[in-house]
Novice: 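To start, I am sharing the structure in question, which I have written as structure tokens.
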Amino acid sequence: RRFLQACDGDVVRDGSSGAFSASFLSEHGARLCARADQSGRQIAITALSIETRSRTDGEPEPGKRALHQAARLINRVTRSEDIVARVASETFIVMMPATTEANAEKAGQRIRGVLENSVFRGGNGDLLYGIQVDIASCIRPEGLCIEESVALAMAVLRESASSRVSEVR
């Protein structure tokens, strides 16, 4: 009941993607982190950055429809106890309770495979898009709050993406 009161007035689902909102992740993630600390179980966090392949062609962005389709696919690939939240315009966080880092990386690769092998339609339904997904996984250190855990996952994602760019050069 206190949890629902804490979320009162906030949107539980992100309107553009259908994934949980960042405010919901903050409230519910705090509860999951506290429970994990009490039980000694790990929480793995995977950060996903989605980029459309059409940007270089100067075409319009895929918009809400493609983002919503991507979020639905992420939810279908993950387990029912995993939390999928949109934390930035094209960035999602997947919290996986009781999961090792190796299994989180496998789940991230599965998500990437599904998303990159799917075709997305733009807002008007005429344009087709492919997307590229960058992923990074980490284990939440015991005692770290949800906001710091998300920041850690985002830092790992940025580091992973920048090392990939320097490998290409």
Novice: Which pair of heavy atoms, one from Ala70 and one from Leu115, lies closest together, and at what distance?
Specialist: O-CD2, 3.8 Å
Novice: Is there a path of hydrophobic side-chain contacts, each under 4.5 Å between heavy atoms of I, L, V, M, F, W or Y residues, that connects Leu48 with Val156?
Specialist: no
Novice: Is the Lys NZ or Arg CZ of Arg13 less than 6.0 Å from the centre of Phe20's six-membered ring, within 45° of the axis?
Specialist: yes
Novice: Start with the C-alpha distance between Ile83 and Val94, add both sets of side-chain angles, then the distance that settles side chain to side chain contact (heavy atoms under 4.5 Å, CB included), and finish with yes or no.
Specialist: CA-CA 5 Å; Ile83 304 295; Val94 182; over 6 Å; no
Novice: Going only through I, L, V, M, F, W and Y residues with side-chain contacts under 4.5 Å, is there a path from Ile74 to Val114?
Specialist: yes
Novice: Using atom types as modelled and distance alone, determine if a side-chain donor or acceptor of Glu116 lies under 3.5 Å from a backbone N or O of Val133.
Specialist: yes
Novice: Determine, stepwise, if the pair Ile111 / Ile135 fulfils side chain to side chain contact (heavy atoms under 4.5 Å, CB included).
Specialist: CA-CA 9 Å; Ile111 293 168; Ile135 60 164; 5.7 Å; no
Novice: Compare every heavy atom of Ile139 with every heavy atom of Thr100, then report the nearest pair and how far apart it is.
Specialist: C-CD1, 3.8 Å
Novice: With rounding to the nearest 0.5 Å, note down the distance linking CZ in Arg86 to NE2 in His68.
Specialist: 12.0 Å
Novice: May I ask whether Val77 and Ile131 are part of the same hydrophobic cluster, defined by side-chain heavy atoms of I, L, V, M, F, W, Y residues being less than 4.5 angstrom apart, directly or through others?
Specialist: yes
Novice: Give the intermediate values and the outcome of side chain to side chain contact (heavy atoms under 4.5 Å, CB included) for residues Thr91 and Ile50.
Specialist: CA-CA 6 Å; Thr91 306; Ile50 297 174; over 6 Å; no
Novice: Please name the pair of heavy atoms, one in Glu101 and one in Cys138, separated by the smallest distance, quoted to 0.1 Å.
Specialist: OE2-CA, 3.8 Å
Novice: Between Arg72 and Asn75, is there a side-chain heavy-atom distance shorter than 4.5 Å?
Specialist: no
Novice: So, do Leu157 and Asp134 sit near enough that their side-chain heavy atoms are less than 4.5 Å apart?
Specialist: yes
Novice: Using a distance-only test with no angle check, is there a side-chain donor-acceptor pair under 3.5 angstrom linking Thr99 and Arg79?
Specialist: yes
Novice: So how far is it from Ser149 OG to Met154 CE, rounded to the nearest 0.5 Å?
Specialist: 13.0 Å
Novice: Between Ile45 and Met95, what is the shortest heavy-atom contact and its length?
Specialist: CG1-CG, 4.3 Å
Novice: Please find the pair of heavy atoms, one from Cys33 and one from Arg140, that lie closest to each other, and give the distance.
Specialist: SG-NE, 3.1 Å
Novice: Taking atom CG of Asp37 and atom CD1 of Ile43, what is their separation to the nearest 0.5 Å?
Specialist: 7.5 Å
Novice: Could you measure the distance from the CG atom of Leu32 to the CD atom of Glu81? Nearest 0.5 Å is fine.
Specialist: 10.5 Å
Novice: Do Ile93 and Thr46 come within less than 4.5 Å of each other through their side chains, counting heavy atoms only?
Specialist: no
Novice: Could you give me the CA-CA distance, side-chain angles and deciding distance for Ser49 and Glu90, then say whether side-chain hydrogen bond (donor to acceptor under 3.5 Å, both in side chains) is met?
Specialist: CA-CA 6 Å; Ser49 177; Glu90 295 179 339; 5.8 Å; no
Novice: Should Phe92 and Val87 count as side-chain neighbours, where that means a heavy-atom distance under 4.5 Å?
Specialist: no
Novice: Grab the two heavy atoms, one from Ser118 and one from Leu73, that are nearest each other, plus how far apart they are.
Specialist: OG-CD1, 3.5 Å
Novice: Atom CZ of Arg112 and atom CG of Asn117: how far apart are they, to the nearest 0.5 Å?
Specialist: 11.5 Å
